[in-house]
**Q** 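Before anything else, here's the structure in question.
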Amino acid sequence: MQSMTRKEAHEIAQILKETYPGLEPFLHAKNPFESLVATILSAQTTDRQVNKVTPALFAAYPDPEALSRAAEEEVMDYIRSIGFFRTKARNIILTAQKLVGDFGGKVPNTMEELMSLPGVGRKTANVVLANSFGQASMPVDTHVFRVSNRLGLSRSKNPEECEQDLRKILEEESWNYFHLSIIQHGRDICSARSPKCEICPLRDHCRYLDSLKKEGPSC
Ligand code: SF4
């Protein structure tokens, strides 16, 4: 399989940007605290489901102080419709308590500090750094991982390796929009089960499609 050059990776990022213009972060949030909580809630749940529950949750608990004092049962009532709501209720309360206790009630803006919070892994930290602090970041979710590997931007076995591959091959200033646009592409066209390669604007750059062409007709 032909390896990917930085030039071709740049072209892919450009095509994605032109195909999906004007994207905003998928999780609704007015400040870093809301972004952090919404992203913790989004693990293994769709963004749409999270966006349905967060307006009432943030109205009840508008800042870390309020959430740090909340009872777990009450928080669960706001987020009961999303997956793993018990664990997530506990994690967002513990996170709020740590924000109040260790960070002066503010969301920290470094990877290390964010990852010290309960329920915050590398992907969540990257999302908050990108969306709330405008730092060049590369959050790798299931769409980013799948589509990047199909295209040949990465040849990774796990999200962390994928993140490192993407950080190496793409220019830093393109990271944040690339992340949004490749997720949109994974949702709209390059789905897990039935990628619509026949209408894909990236078909001339895709190693997965190349491999299918070598295997036989069609496509
Ligand atoms: S050509 Fe097919 S596999 Fe490749 S990115 Fe497009 S939809 Fe996905």
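Remember, it's 1-based here, ligands and their atoms both numbered in the order they're listed.
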**Q** As an exercise, identify every atom of ligand 1 less than 4.0 angstrom from a heavy atom of Arg150.
**A**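 Counting from 1, the qualifying ligand atoms are 3 (S).
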**Q** Is the NZ or CZ atom of Arg187 both under 6.0 Å from the centre of the six-membered ring of Tyr20 and within 45° of that ring's axis?
**A**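 Geometry flag: not set, cation outside 6.0 Å or 45°.
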**Q** Looking only at non-hydrogen atoms, which of Ser191, Cys197, Ser194, Pro195 approaches atom 2 (Fe) of ligand 1 most closely?
**A**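 Looking at heavy atoms only, Cys197 sits closest to atom 2 (Fe) of ligand 1.
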**Q** Can you list the atoms of ligand 1 that are under 4.0 Å from a heavy atom of Leu151?
**A**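 Every atom of ligand 1 under 4.0 Å from some heavy atom of Leu151: 5 (S).
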**Q** In plain terms, say whether Arg167 and Glu163 are close enough for a salt bridge, that is, a side-chain N and a carboxylate O under 4.0 Å apart.
**A**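 Salt bridge: yes.
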**Q** Is it the case that over 12 heavy atoms from other parts of the model lie below 6.0 angstrom from the CZ atom of Arg80?
**A**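 It does: Arg80 CZ has more than 12 such atoms within range.
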**Q** For atom 3 (S) of ligand 1, what's the nearest protein heavy-atom neighbour? Residue, atom name and distance, please.
**A** Tyr208 CD2, 3.2 Å
**Q** Is there a path of hydrophobic side-chain contacts, each under 4.5 Å between heavy atoms of I, L, V, M, F, W or Y residues, that connects Met111 with Val107?
**A** yes
**Q** Is atom 2 (Fe) of ligand 1 less than 2.8 Å from an N/O/S atom of Cys190, whether that atom is in the backbone or a side chain?
**A** no
**Q** Checking a contact table here: which protein heavy atom is nearest atom 4 (Fe) of ligand 1, and how many Å away?
**A** Cys206 SG, 2.3 Å
**Q** Tell me which protein heavy atom sits closest to atom 6 (Fe) of ligand 1, plus the residue, atom name and distance to 0.1 Å.
**A** Cys200 SG, 2.4 Å
**Q** Given the rule in the side-chain hydrogen bond (donor to acceptor under 3.5 Å, both in side chains) test, do Glu171 and Ser174 qualify, once you have shown the distances and angles that lead to the verdict?
**A** CA-CA 6 Å; Glu171 291 159 16; Ser174 73; 5.6 Å; no
**Q** Please report the interatomic distance CD1(Ile79) to OG1(Thr54), rounded to the nearest 0.5 Å.
**A** 11.0 Å
